[in-house]
Amino acid sequence: MADWQRTHTCGELRETHLGQTVTLNGWVLITRNFPNQVFVDLRDRYGLTQVVIEDGDKALFAEANQLGREYVLSVTGVVRKRIAGKERADIPTGQVELEAKAVRVLNACPPLPFSVTEFPDEEPANEDLRLQYRYLDLRRRSIQQVLMLRHRVCKIIRDYMDTNGFLEMETPLLGKSTPEGARDYLVPSRVFNGEFFALPQSPQLYKQLLMISGYDKYFQLARCLRDEDLRADRQPEFTQLDVEMSFVERDDVLTLMEGLAADLLKQCLGVTLALPLPRLSYQDAMLRYGSDKPDNRFGMEIIDIGDVAGESEFKVFKDVLAAGGVVRGLNAKNAAAKFSNSDLKPGGKLSAFVTQFKAKGLAWMKCEAGKLTGSIEKFFPDAVKAKLIEKMQVENGDVLLFVADKESVACDALGALRSHLGSELKLYKNWWDEKAEYDATEEKAAKKEKRAPNPFVVKPEHFKMLWVLDFPMFAFDDEERRWVAIHHPFTAPMDEDVANLESNPGAVRAKAYDMVLNGYEVGGGSIRIHRQDVQAQVFKMLGMPLEDAQARFGFLLDALQSGAPPHGGIALGLDRWCMILAGTTNIRDVIAFPKNQKARDLMTGAPAVVEPRQLKELGVELKK
RNA sequence: GGGGGCGUAGCUCAAUUGGUUAGAGUACCGGACUGUCGAUCCGGUGGUUGCGGGUUCGAGUCCCGUCGCCCUCGCCA
């Protein structure tokens, strides 16, 4: 071992090391210079240790005064107790300090484009700047903690799957483009000019084929790529825990995966998840929450008031009902003071919000001084008002919000409004808003339970999880004027609905399920079709004639006839899980090197133009 | 492709109704200071207000265009 190499990490030294000569390697977080000594906070991913350089050795002391932020040092010295009254209770190494005998600058560092320190009132630099210098951003403590959490999540997953008898297997990245689903990232073939590989949107077909090959319990932490527009919780490349099992029915998959979810919450945050998870049909989810990924940390469910609206004199409601639409509403309890009439009227904040979702408008009433108020109040006779009050459990101070439209629009608009108001009115708590002081007992407890120490107060009510079941098999795509698969074309229909496949495709339910956590879809899967004739029938429904299906998925259709066992599976969004466990709402925070919203890597600049020679080899010509 | 927000010192932000030489904190540089821990105190360097055009006696501020970033709708089986 070279003499500069560390004997300990910067998070390791305790009173048990007193008197020992040790060497630390790390980065200078900050220095504090005095006439007779220099204090250096030396930091690595394990923690922070105070180094003291005294003025006894003049050359050493002079050098210490030249140290700057983010210098990389090797410090050899003696561990000593801090002088009485100068201990720090807030960091694990706070009882001791390192009295430097030798300091080596392994690398100097000029002033950086932004600060790596993270003091409580310090705002982080703009995200695009941080992405440009991602290697510096990743040096920040909070991001290091998140990426260490991500490692733990992967470890917990691997342990759980292994314990349950699953094999971790890899599948190709270079595959074949499939017409259904997301836009593919394509890779031109040099050997076969004019032909392209596609990067996988998911390992879907490969894992089904592994089932057919007899590897009855498979999993993979699989990278998936989809060339679609990004969101706060979507990256073009992301990681899924991909799972597939043979000889199972839906409940086997659900039971297995909720056990994993409980493990993750327990081991990462110390929270106990009550099992089994609640289950909700897709139909109920849409009716009550207007969403297939309801956030059930709070109530404020959608209420159908079609019957009451029908008895009113309000023409807008009556016309919509007569045209086969619905009238549904929310009761925002105690929000009357929060929303002015101009927020509510056409063009106001809330009204504008719902028009985003194609709703024609937002009707409203308030309950003030025991009376319903608002511009539509006059269309409701007293008896009808009484019914409305009863139905929506109206009390003083409530705001009633209504959307009258065709059912899908009403669901979308009210569902989005419900989650918008949930956060606006603070109807649920985020655990990261309840940050606690560092607690030495928490460190001990965490060590005993073999989990990461958690500086937050996390309670079970911060995590609400459920399954959404019984999705429809198909949705009619108005643009393409054909049926498309809601999950994917390999999802099995419910046994009792198979007969309706051709006669009434809209009514066919799929053996599909989504795992929902705090309003995020954190997993989704299905029991697959394992019979060739059913698969061919579904392809046909999707407007794919047999010849087409043969050309595109012939290998699958053949495989299904070669002893395919009943099978099914699921995929969990690893990045979204990490995001929720880390207490952030931005998926980029849990990915070491993410892309920006336009899918550009601001650090490397990718994507970038390539040499004409490379294009020529690939047989690719650019359009002028 | 549509809607919304943002862009001022290396960084985070301010700048009244369009009006003096665009300020503050921090970083950085220099000085003072015997145990700090985001040390403190004093002083200093640092600006094409994203870019281009326009209106005006006068533009960080108003108008048009453009670029970039974020959120969102569409999209994401």
Side-chain angles (χ1 to χ4, degrees), chain A residues 29-43 48-55 68-70 80 82-91 93-94 97 99 110-133 136 178-184 201-202 204-205 224-236 238 349 352-359 412-413 416 420 471 473-475 477-480 483-491 510 512 521 524-526 538 542 571 573 585-586 588 596-600 602:
Chain A
L29 182 67
I30 206 163
T31 63
R32 294 176 290 279
N33 298 34
F34 287 83
N36 297 325
Q37 65 260 111
V38 172
F39 297 94
V40 175
D41 286 346
L42 198 67
R43 186 184 51 108
L48 181 152
T49 301
Q50 172 163 284
V51 173
V52 190
I53 300 133
E54 309 275 5
D55 67 347
R69 291 185 179 203
E70 299 307 312
R80 71 183 186 194
R82 293 186 179 212
I83 63 173
K86 301 292 183 183
E87 303 87 355
R88 273 183 74 167
D90 60 334
I91 58 171
T93 61
E97 64 192 11
E99 181 188 357
L112 299 175
F114 58 89
S115 175
V116 178
T117 57
E118 293 187 300
F119 300 121
D121 62 351
E122 192 175 1
E123 288 297 316
N126 269 331
E127 197 187 8
D128 50 331
L129 189 74
R130 291 191 284 119
L131 288 176
Q132 190 186 341
Y133 299 95
L136 293 178
T178 55
E180 296 280 316
R183 200 173 290 116
D184 289 316
Q201 299 171 25
S202 82
Q204 183 60 35
L205 290 171
C224 306
L225 300 107
R226 296 177 189 174
D227 187 5
E228 295 292 346
D229 286 348
L230 277 49
R231 288 286 187 281
D233 63 349
R234 283 189 344 217
Q235 278 275 300
F238 59 99
K349 267 189 295 187
F353 182 84
V354 296
T355 55
Q356 274 191 96
F357 300 88
K358 299 205 171 77
D412 280 0
H420 177 70
F471 281 80
M473 187 93 174
F474 308 106
D477 186 314
D478 291 327
E479 264 181 38
E480 294 192 41
W483 293 96
V484 295
I486 285 190
H487 189 58
H488 56 52
F490 317 108
T491 299
E521 182 197 323
S526 62
V538 168
L542 297 172
T585 54
N586 180 340
R588 294 182 295 275
N596 77 358
Q597 211 199 12
K598 284 197 169 165
R600 183 179 289 285
L602 291 177

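Note on naming: letters A, B, ... go to the chains in the order of the sequence lines (proteins, then strands), and numbering restarts at 1 for each one.
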Item checked: Proximity to the side chain of A:A182 - top-ranked nucleotide from B:rC76, B:rG74, B:rC28 -> B:rC76

Notebook entry, point to check: Does A:R69 make a side-chain donor-acceptor contact with the base of B:rC28, cut-off 3.5 Å?
Noted result: no

Margin query: If the condition is salt bridge (charged side-chain N to carboxylate O under 4.0 Å, His left out), which residues does A:E127 pass it with, not counting sequence neighbours?
Written below: A:R588

Margin query: Using atom P in both nucleotides, what's the gap between B:rA14 and B:rC6 to the nearest angstrom?
Written below: 11 Å

Notebook entry, point to check: Counting side-chain heavy atoms from CB outward, which of B:rC33, B:rG68, B:rC37 is closest to A:P35?
Noted result: B:rC33

Item checked: Heavy-atom donor-acceptor pair, A:D229 side-chain to B:rG74 base, under 3.5 Å -> yes

Next item on the list: Determine the interatomic distance between P on B:rC67 and the same-named atom on B:rA15; round to the nearest Å.
Entry: 29 Å

Note to self: Say we look at B:rC11 and B:rU55: how far apart would their P atoms be, to the nearest angstrom?
What the structure shows: 33 Å

Next item on the list: Rounded to whole angstrom, note down the C1' distance from B:rG30 over to B:rG35.
Entry: 24 Å

Next item on the list: Can you check whether any acceptor in the base of B:rC75 is under 3.5 Å from a donor in the side chain of A:R234, or vice versa?
Entry: yes

Margin query: Using the salt bridge (charged side-chain N to carboxylate O under 4.0 Å, His left out) criterion, which residues pair with A:D233? Sequence neighbours excluded.
Written below: A:R576

Next item on the list: Report, as a single string ordered 5' to 3', how protein heavy atoms within less than 4.0 Å touch nucleotides 3-13 of chain B: B base, S sugar-phosphate only, - not at all.
Entry: -------SSS-

Margin query: Would you measure the distance from the P atom in B:rA9 across to the matching atom in B:rG65 and give it in whole Å?
Written below: 25 Å

Check: Expressed as a whole number of Å, how far does the P atom of B:rU17 sit from that of B:rU61?
Finding: 15 Å

Note to self: Taking only the C1' atom of each, what is the distance from B:rG7 to B:rU66 in whole angstrom?
What the structure shows: 14 Å

Next item on the list: Classify the nucleic acid contact of A:I486 as base, sugar-phosphate or nothing, counting any heavy atom under 4.0 Å across all strands shown.
Entry: sugar-phosphate

Margin query: Counting only side-chain heavy atoms from C-beta out, which of B:rC69, B:rU72, B:rC71 sits nearest to A:R231?
Written below: B:rU72

Notebook entry, point to check: What is the nucleic acid contact for A:E97, judged by heavy atoms within less than 4.0 Å: base, sugar-phosphate only, or nothing?
Noted result: base

Note to self: What's the closest nucleotide to the side chain of A:E228 if the choices are B:rG35, B:rC76, B:rG74?
What the structure shows: B:rC76

Next item on the list: Could you tell me whether a side-chain N or O of A:T49 sits under 3.5 Å from a main-chain N or O of A:L42, the two making a donor and an acceptor?
Entry: no

Notebook entry, point to check: Side chain of A:R600, base of B:rG68: donor and acceptor closer than 3.5 Å?
Noted result: no

Checklist line | First of A:E180 and A:Q597 reached from the 5' end of RNA chain B, by closest nucleotide | finding: A:Q597

Notebook entry, point to check: Taking for each residue the nucleotide of RNA chain B bearing the nearest heavy atom, is the 5' side occupied by A:P111 or by A:N586?
Noted result: A:P111

Check: When we call it a touch if two heavy atoms are under 4.0 Å apart, what does A:N596 touch: a base, just sugar-phosphate, or nothing?
Finding: sugar-phosphate

Item checked: Rounded distance in Å between the P positions of B:rG53 and B:rU49 -> 13 Å

